[in-house]
Protein chains: 2
Amino acid sequence: MAVTIREVASAAGVSISTVSRAFTAPDQVGERTLQRILEAATRLGYSPNPAARSLRGGRTGTLGLVIPDIANPFFPPIFKAMQARARRQGYTLLVADSDEREADEIETIAAVVKKVDGLLLWASTLPDDRLVELSRQVPLVLGNRHVDGISEVHVSLAAGLTQAAEHLRAYGHRRCVFVDGSRPELSRGKSIRESFAAHDLALIELGPYEPRFETGVHAATLVAANEATAVVAHNDLVALGILHQLSRLGIDVPGRVSVIGIDDTLLATTATPSLTTIRISAEEIATKAGDLLAETVADPDQPARKVEIGSRLIPRASTGPAAA
Amino acid sequence: MAVTIREVASAAGVSISTVSRAFTAPDQVGERTLQRILEAATRLGYSPNPAARSLRGGRTGTLGLVIPDIANPFFPPIFKAMQARARRQGYTLLVADSDEREADEIETIAAVVKKVDGLLLWASTLPDDRLVELSRQVPLVLGNRHVDGISEVHVSLAAGLTQAAEHLRAYGHRRCVFVDGSRPELSRGKSIRESFAAHDLALIELGPYEPRFETGVHAATLVAANEATAVVAHNDLVALGILHQLSRLGIDVPGRVSVIGIDDTLLATTATPSLTTIRISAEEIATKAGDLLAETVADPDQPARKVEIGSRLIPRASTGPAAA
DNA sequence: ATGAAAGCGCTAACAG
DNA sequence: CTGTTAGCGCTTTCAT
């Protein structure tokens, strides 16, 4: 076993409580004593045993993040930003991938829930009542999912989509396609319909499909057939599928068709042409979700709150003037 | 607090030891007793407190994975595969991103080391002696890093690079460029030099640069200037930079230049044209590294072992016959 | 096959 | 400011 508080105590010639305090409430310990303890601790290579701490204090010092698919490039930046934030607040972040399947998600949550002080569940597929139940078991915050009585961070695409509409309109586009790849519950369709209608842009909706590259490949042909001059895709991945197929069909982007993605992932920056897309800031998610979670952990009985995450258009090379 | 072993015990009319056994050694408990306990446990919603378990047993039931950058698309599949494997072995996986900086890595490791039964460190930037020291503190396996006396999984690109050389040679290429983006210690240069020499392919080496998209953009111009007909990039990201710039220069891929990446990430599949690349199987890494780590945890004093991970070429649309 | 009891390392009253 | 003490929930001898 590793070195314990007791050995530090005897090395420093104090009691174990004083050593404990030296780590949890240094200001309650005498100047010189503190020095001696810290010195002894470093020399012996002591660091507190988290298991004992948790057992005693009921706090684990870790926050949980459950996401549907870390291979979706939308999530790694969130992971990073949340980890950085958690660490600054003295927490370790435990990230688990639920593989986008309900059964796996249940298992994932079960594996994690007893090891964390609070949980952020992104785009959960679980039924409302299970989430309500879970929220009684652990401080809980939902991402992109609404359940009455549970705090939530919600990504709003409204701002970004409005900017996209303005952008396309300014370039003279009139007829656009939206490739929907959502689960119906959280369809991005409604939001885009409103924004585009407000800017007098005709919108043809395709789908819903799965949000995959192949979906874009398939949809590209339909875009051409619909005589639209611009497409908004469900996300960057789908947009890349569109770009890919358009290129094979010899349809120039943005010369004949403009393409817009959503999420501003690595895929958008590295695409050819680079992809105009709607950015959702990982830092903003981490900050707001992290704060909300921290507050929920601190006071689990406060009323549920809803926090909005904004979005904005990042114009790049895949959009341009409408073809004549 | 949640329901404890004591409540289950009294509900089932047995002692707490028997309940404990029901969960840790069910075969040592009478048939009917076991039934009753399990029934009571489910009814009460009991599940063992991991903190108490760890404290008592010294085992945490979690395995740690420290990676340099989860935003590098090479890592998410490894995360997923490792998590799946760990779970099947009854472990939770704790993943931490060290942000590619030594100071962060030290902090990251410190944050997780006491919370895990074993640690897999990928591409660590720490000096040898620190790693040796760490290996005395926790069962340790290294990924793509060699330190005497510590077990290691090592990705060998030899097979994939040989296939790449054969592939290019068969297409009539003679003059190739390699864009090096490695830290010098783990340069991919040596391996490719040998493979290409063996196939009588002239190899011009550029770099070393940082393994970024912009590196590829920059290198593309040099490729053209060197009159090479094929490029191998340090990884898919760099390859996409090359693709991007080649496209802007109006140089057709694979008509005038063939491009090969390394890693077979999502970027390769979604590129236009889709990218020929060298695949390193995440499943193979997870399986071999997971087993090695499990064995190291089970018997920390066994001699260090080295396990090789293979690679192979995935031909796609970015390679073709050499220009005349 | 089951129970009693002793801690694992630590924190948080409570005393002084 | 510092020490004493009682557990946190569980596993694990040691009995029975």
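Within every chain, numbering begins at 1; the chains are lettered A, B, ... in the order of the sequence lines, protein sequences first and strands thereafter.
For B:Tyr46 and B:Phe23, the gap between ring centers is short of 6.0 Å.
For the pair B:Ile16 CD1 and C:dA1 P, the interatomic distance rounds to 20 Å; values are reported in whole Å. In this entry the distance linking CD1 of B:Ile5 with C1' of C:dA4 reads 14 Å, nearest Å. Straight-line distance from the CZ atom of A:Arg59 to the P atom of C:dT11: 11 Å, rounded to whole Å. Rounded to whole Å, the distance from NZ on A:Lys114 to C1' on D:dG9 is 10 Å. One interatomic measurement links the two molecules: CD of B:Glu7 to C1' of D:dC8, which rounds to 14 Å at whole-angstrom precision. Residue B:Leu34 contributes atom CG, which lies 13 Å from atom C1' of C:dT2 at whole-angstrom precision. What separates CD1 of B:Ile37 from C1' of C:dG3 is a distance of 12 Å, to the nearest Å.
Between C:dT11, D:dG9, D:dG3, one nucleotide has an atom nearer to the side chain of A:Leu55 than all others, and that is D:dG9. For A:Thr33, the listed nucleotide lying nearest its side chain is D:dT2; candidates were D:dT2, C:dA5, D:dG9. Checking D:dC10, C:dC10, D:dT4 against every side-chain atom of A:Ser17, the shortest atom distance belongs to D:dT4. Distance from the side chain of B:Arg21 is smallest to C:dA4 among D:dT11, D:dG3, C:dA4. Across D:dT2, C:dC8, C:dG9, the shortest atom-to-atom separation from the side chain of B:Arg56 is found for C:dC8. Comparing atom distances between the A:Thr4 side chain and each of C:dT11, C:dG9, D:dC10 picks out C:dG9 as nearest.
Using bins of under 30°, 30° to 60° and over 60° for the plane-to-plane angle, the ring pair B:Phe74/B:Trp122 lands in the tilted bin.
Between A:Ser20 and the phosphate of C:dT11, there is a side-chain N or O to OP1/OP2 separation shorter than 4.0 Å. Between B:Ser15 and the phosphate of C:dA4, there is no side-chain N or O to OP1/OP2 separation shorter than 4.0 Å. When the side-chain nitrogen and oxygen atoms of B:Arg53 are compared with OP1 and OP2 of D:dT11, one or more of them lie within a distance under 4.0 Å.
Residue contacts shown for B:Phe23 are absent, as no nucleic acid heavy atom lies under 4.0 Å away. No engagement by B:Gly57 is indicated, since no non-hydrogen atom pair under 4.0 Å with the nucleic acid exists. Here B:Ser54 lies out of heavy-atom contact (under 4.0 Å) with every strand.
Contact between A:Ser124 and A:Glu105 at its shortest, heavy atoms only, is OG-OE2, 2.6 Å. A:Thr60 approaches B:Lys115 most closely through the heavy-atom pair O-NZ, 3.5 Å.
Positionally, the nearest nucleotide of DNA chain C for B:Gln28 lies more toward the 5' end than for the other of B:Gln28 and A:Tyr46. Positionally, the nearest nucleotide of DNA chain C for B:Asp27 lies more toward the 5' end than for the other of B:Asp27 and A:Arg6.
A distance of 13.0 Å separates NE2 of A:His146 from CG of A:Asn144, quoted to the nearest 0.5 Å.
Between B:Val141 and the choices B:Leu121, B:Leu292, B:Leu63, the side-chain contact (heavy atoms from CB on, under 4.5 Å) rule is met once, by B:Leu292.
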